[in-house]
Amino acid sequence: MDAVEALNEIGYWLERSLASSYKTKAFRGAAAALTGTPIDKVASGELKVKGVGETTLEVIREALAGSVPSYLADLRDNAQPDPEHSLRLRGDLHTHSEWSDGTTPIELMASTAQWLGRSYVALTDHSPRLRIANGLTAERLRAQLKVVATLNKGFDDFRILSGIEVDILDDGSLDQSPAMLDKLDIVVASAHSKLKMPRREMTDRLLGAVRDPHTTVLGHVTGRLVQGSRGKRAQSEFDAAAVFAECALQGVAVEIDSRPERQDPPDNLLKMALDAGCLFSIDSDAHAPGHLGFVALGAARAEAAGIPADRIVTTWKLDKLLDWASR
Ligand SMILES: [Zn+2]
Ligand SMILES: [Zn+2]
């Protein structure tokens with residue numbers, strides 16, 4: 001087995017289980033350190049490489065000896081199976097890279113999405129005011145667009161869609177210039193601050209974002225957290241019927257954020273959005289390659305809520321998706 005692939009796959013399974021990023025980094029870091037290095041010399045101990053420690057060295061040696069490293073085999077054996085569903089998920093419209101608060105380069109996110117059978121994935125790093133998440137200024141976003149265009153030249157049946165997860169500001173406007181938003185395939189608009197705003201203000205704020213002609217997806221609409229290292233957080237209060245009616249009117253997809261911590265929106269609101277005639281986008285909100293498979297959780301929830309596949313934009317083929325996104 002290829003040693004770099006083994007290390008990256010270990011990273012994948014650790015990320016998928018939401019292991020600490022410290023642990024995951026050891027394997028992702030070793031994989032990156034080995035790229036372009038004579039691996040046999042590292043394995044023999046002839047060459048010392050920064051970032052390759054005892055555990056990772058053992059993985060490298062076992063891979064070079066032709067077997068699946070035992071560390072990897074254990075992770076594969078003990079992985080929780082994905083929730084079952086029968087949707088054919090072609091894409092994912094909400095993912096992050098190390099350009100904002102994700103943990104890996106864009107290339108690794110893209111190759112993992114391909115490995116999982118996706119045909120497109122939107123790169124939606126954070127917007128400037130989310131400084132805590134290293135949000136991209138217009139200048140950095142412009143630079144990222146060039147990187148994405150170059151990467152896309154190397155794919156046959158896969159595409160990275162340009163995008164942003166743009167903060168919804170207090171007044172409902174979006175945290176990036178209209179000129180920049182115009183350049184993007186996908187605009188996921190999400191609220192990340194002042195989630196406890198009074199109901200009326202929060203309703204106006206979300207309606208403002210949905211009415212912005214740049215918005216394609218309304219991200220993790222309630223902001224709730226149901227489990228995980230960040231603890232729990234209650235839903236924001238807003239007039240969901242009004243917000244979903246506006247989403248249906250504007251053709252904005254309501255995101256089903258599949259992260260185990262979020263599972264947003266909750267079931268009763270999924271049903272309400274379905275009845276309102278909304279479109280949906282089942283997204284991973286991945287911050288690492290191993291999170292890209294979370295969409296299975298969202299898909300199982302969508303199916304349980306009775307949402308038909310044709311209302312889920314991430315089951316659409318790329319052409320149809322792009323027609324809708326550029327509407
Ligand atoms: Zn977000
Ligand atoms: Zn996000």
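Remember, it's 1-based here, ligands and their atoms both numbered in the order they're listed.
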Review point. Counting only protein atoms, how many N/O/S atoms are less than 2.8 Å away from the Zn ion (ligand 2)?
Key: 4
**Study point:** Close side-chain approach of Pro128 to Leu136, heavy-atom, < 4.5 Å
**Key:** no
**Study point:** Beyond-backbone contact of Ile186 with Val188, side-chain heavy atoms, under 4.5 angstrom
**Key:** yes
Check your understanding: Quick check: does any side chain N or O of Arg16 sit under 3.5 Å from a backbone N or O of Gly290, one acting as donor and the other as acceptor?
Key -> no
Review point. Under 3.5 Å, is there a donor-acceptor pair between the side chain of Thr314 and the main chain of Ser281?
Key: no
Which side-chain N or O atoms in residues 36-43 pair as donor and acceptor under 3.5 Å with protein atoms at least two apart or in another chain?
from, atom 1, to, atom 2, distance (Å)
Thr37, OG1, Ala33, O, 3.0
Thr37, OG1, Leu34, O, 3.3

Exercise for review: Hey, could you give me the CG/CG distance between Leu207 and Asp212, rounded to the nearest 0.5 Å?
Suggested key: 12.5 Å
